[in-house]
Participant: 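Below is one structure. I have some questions about it.
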There are 2 protein chains.
Amino acid sequence: MKIGELSARTGVSIRSLRYYEQQKLLTSVRQENGYREYTPLAEEQVRTIQFYLALGITTEQIASFLNCVLKNKEAFCEEVLPIYKQKLKEIDDQIHLLNNIKSNLEDRIRSIQEG
Amino acid sequence: MKIGELSARTGVSIRSLRYYEQQKLLTSVRQENGYREYTPLAEEQVRTIQFYLALGITTEQIASFLNCVLKNKEAFCEEVLPIYKQKLKEIDDQIHLLNNIKSNLEDRIRSIQEG
DNA sequence: CTTGACCCTGACATTAATGTCAGGGTTTAT
DNA sequence: ATAAACCCTGACATTAATGTCAGGGTCAAG
């Protein structure tokens with residue numbers, strides 16, 4: 001299929017599909033006219049990429065394990081676990097930071113409304 | 001005092017102090033040689049700016065109420081409360097989003113470690 | 001009078017994925 | 001054969017505060 005169809009099937013913009021290819025997350029073969037041609041498997045692959053992006057995993061990290069998880073179950077890809085754990089730590093840190101700010105804001109709102 | 005001293009006293013970089021001035025958070029008078037001259041009050045003012053920035057308030061929002069809070073108590077500045085509440089909502093949303101991602105990551109880590 | 005420590009402005013870089021535009025080919029249907 | 005709907009590459013923009021550099025004045029101490 002061509003890029004427009006892949007975009008329509010996945011809901012991912014053409015711009016992003018080209019970007020994923022540049023980041024080596026997605027491959028295509030070129031037709032004689034230069035158009036990208038995708039296999040039907042590309043659709044599932046794009047959904048997988050979107051799934052990891054939604055977890056906050058960067059394209060660079062995804063590239064490091066995508067080939068493996070597309071062939072095996074996630075659990076067989078040793079690259080995945082450390083990345084998940086690192087991401088989890090980043091998110092935990094971020095949540096703590098936001099909770100601190102939240103408490104601070106709530107205090108100030110309360111003190112304004114009382115004063 | 002000159003900008004280097006204000007920077008040393010507050011721990012805020014010279015670059016940032018100039019930026020605050022450009023964003024109309026901070027004022028200075030120019031000496032004949034073009035150097036910025038700050039009053040002693042600037043030190044407290046810079047600390048106040050840093051405090052709001054640490055709450056995630058943007059310079060543009062700070063500019064909208066800084067003059068008021070420097071003269072009055074925060075509670076007298078009606079501009080402050082809606083900004084606090086808006087920021088609180090943004091932070092709440094962000095925390096929820098991060099908690100969702102966190103649960104998702106934890107699930108996947110667990111399933112890898114079990115599998 | 002020279003050196004080092006200040007100060008100035010203006011500009012570019014930073015992050016990461018995506019939007020958007022320009023300029024230009026290709027295909028398909030009429 | 002022409003118009004509409006595709007496709008291509010390359011480039012700039014987006015956010016917000018800060019870092020950093022270039023090129024150039026100013027001041028103070030020796």
Side-chain angles (χ1 to χ4, degrees), chain A residues 1-38 42 45-64 66 83 86-87 90-91 93-94 97-98 101, chain B residues 1-38 42 45-64 66 83 86-87 90-91 93-94 97-98 101:
Chain A
M1 82 188 88
K2 283 179 293 186
I3 198 168
E5 187 180 346
L6 183 57
S7 172
R9 281 178 186 277
T10 59
V12 174
S13 75
I14 291 178
R15 174 69 177 85
S16 292
L17 294 176
R18 294 196 186 114
Y19 177 69
Y20 298 162
E21 181 168 324
Q22 187 189 329
Q23 302 302 110
K24 313 229 191 273
L25 298 182
L26 195 56
T27 55
S28 61
V29 297
R30 294 306 179 105
Q31 293 172 324
E32 283 196 349
N33 57 19
Y35 288 11
R36 290 171 177 81
E37 179 69 27
Y38 296 95
Q45 186 163 350
V46 170
R47 292 190 203 284
T48 304
I49 292 167
Q50 288 275 297
F51 170 80
Y52 289 121
L53 285 176
L55 289 183
I57 315 286
T58 67
T59 55
E60 190 180 359
Q61 291 175 317
I62 297 173
S64 72
L66 185 62
I83 289 176
Q86 181 206 325
K87 196 72 210 172
E90 287 171 19
I91 291 196
D93 290 348
Q94 187 67 12
L97 179 63
L98 290 176
I101 295 176
Chain B
M1 79 189 90
K2 282 179 293 185
I3 198 169
E5 186 180 346
L6 183 57
S7 172
R9 281 179 186 274
T10 58
V12 174
S13 74
I14 291 177
R15 174 68 175 88
S16 292
L17 294 177
R18 294 198 187 114
Y19 177 69
Y20 298 161
E21 181 168 323
Q22 186 187 330
Q23 302 301 111
K24 314 230 191 269
L25 298 182
L26 193 57
T27 54
S28 61
V29 298
R30 295 306 179 105
Q31 293 171 324
E32 283 197 349
N33 56 20
Y35 289 11
R36 290 172 178 81
E37 178 70 26
Y38 296 96
Q45 186 162 349
V46 170
R47 293 190 202 285
T48 303
I49 292 168
Q50 288 275 297
F51 169 79
Y52 288 120
L53 285 176
L55 289 183
I57 315 285
T58 68
T59 55
E60 190 180 359
Q61 291 175 317
I62 298 173
S64 72
L66 185 63
I83 290 176
Q86 181 205 327
K87 196 73 211 173
E90 287 171 19
I91 290 195
D93 290 348
Q94 186 68 12
L97 179 64
L98 290 176
I101 296 176

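Throughout, protein chains are lettered first and strands after them, A, B, ... in sequence-line order, and every chain is numbered starting at 1.
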Participant: Within a strict 4.5 Å, meaning less than it, do heavy atoms of the Leu17(B) and Glu21(B) side chains meet?
Facilitator: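 Of all side-chain heavy-atom pairs linking Glu21(B) with Leu17(B), none is under 4.5 Å.
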
Participant: Provide the distance between the two P atoms, one in dG10(D) and one in dT15(C), to the nearest whole Å.
Facilitator: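 23 Å, rounded to whole Å.
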
Participant: How does protein contact run along nucleotides 21-30 of chain D, one letter per nucleotide 5' to 3', with B for base contact, S for sugar-phosphate only, - for none, heavy atoms under 4.0 Å?
Facilitator: ----BBS---

Participant: Only stems of 3 or more consecutive Watson-Crick or G-U pairs count here, both distances under 3.5 Å; name the ones for DNA chain D, or none.
Facilitator: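 Stem segments, range with range: C:1-14 with D:17-30, C:17-30 with D:1-14.
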
Participant: Looking at Tyr19(A), I'd like to know whether one of its side-chain N or O atoms comes within less than 4.0 Å of OP1 or OP2 on dG19(C).
Facilitator: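 False: Tyr19(A) side-chain N/O out of range (4.0 Å or more) of dG19(C) OP1/OP2.
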
Participant: Given that Arg18(A) and Arg15(A) both sit by DNA chain D, which one's nearest nucleotide is further toward the 5' end?
Facilitator: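 Going by which nucleotide is closer to the 5' end, it is Arg18(A).
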
Participant: Ile62(A) versus Tyr20(A): any side-chain heavy-atom pair under 4.5 Å?
Facilitator: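 The answer is no; the side chains never approach within 4.5 Å.
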
Participant: Would you say that Leu66(B) contacts Gln45(B) through its side chain, given a criterion of any heavy-atom pair below 4.5 Å between the two side chains?
Facilitator: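 Sidechains of Gln45(B) and Leu66(B): in contact.
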
Participant: I'd like to know whether CD of Gln31(B) has more than 12 heavy-atom contacts from other residues, nucleotides or ligands below 6.0 angstrom.
Facilitator: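 It does: Gln31(B) CD has more than 12 such atoms within range.
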
Participant: Closer than 4.0 Å, any side-chain N/O of Ser16(A) to the OP1 or OP2 of dT18(C)?
Facilitator: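 Answer is yes, contact under 4.0 Å.
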
Participant: Below the 4.0 Å mark, does dT18(C) have OP1 or OP2 next to a side-chain nitrogen or oxygen of Ser13(A)?
Facilitator: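 For Ser13(A), the contact criterion (side-chain N or O under 4.0 Å from OP1 or OP2 of dT18(C)) is not met.
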
Participant: I'd like to know if Glu90(A) and Lys87(A) make a salt bridge, using a cut-off of under 4.0 Å between side-chain N and carboxylate O.
Facilitator: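 Counted as a salt bridge, because a side-chain N and a carboxylate O are separated by less than 4.0 Å.
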
Participant: Is the shortest side-chain heavy-atom distance between Arg30(B) and Glu37(B) below 4.5 Å?
Facilitator: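 No. Closest side-chain heavy atoms not under 4.5 Å.
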
Participant: Mapping Val12(A) and Glu5(B) onto DNA chain C by nearest heavy atom, which one lands closer to the 5' end?
Facilitator: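 Mapping each residue to its closest nucleotide by heavy atoms, the 5'-most match is Glu5(B).
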
Participant: Could you state the atom-to-atom distance from CE of Met1(A) to C1' of dC7(D) in whole Å?
Facilitator: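 Roughly 16 Å, once rounded to whole Å.
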
Participant: For the residue pair Gln50(B) and Thr10(B), confirm or rule out a side-chain donor-acceptor distance under 3.5 Å.
Facilitator: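 Gln50(B) vs Thr10(B): no donor-acceptor pair found between side chains.
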
Participant: Using only side-chain N and O atoms of Thr59(B), determine if any of them is under 4.0 Å from OP1 or OP2 of dA16(D).
Facilitator: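 No, Thr59(B) has no side-chain N/O under 4.0 Å of OP1/OP2 on dA16(D).
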
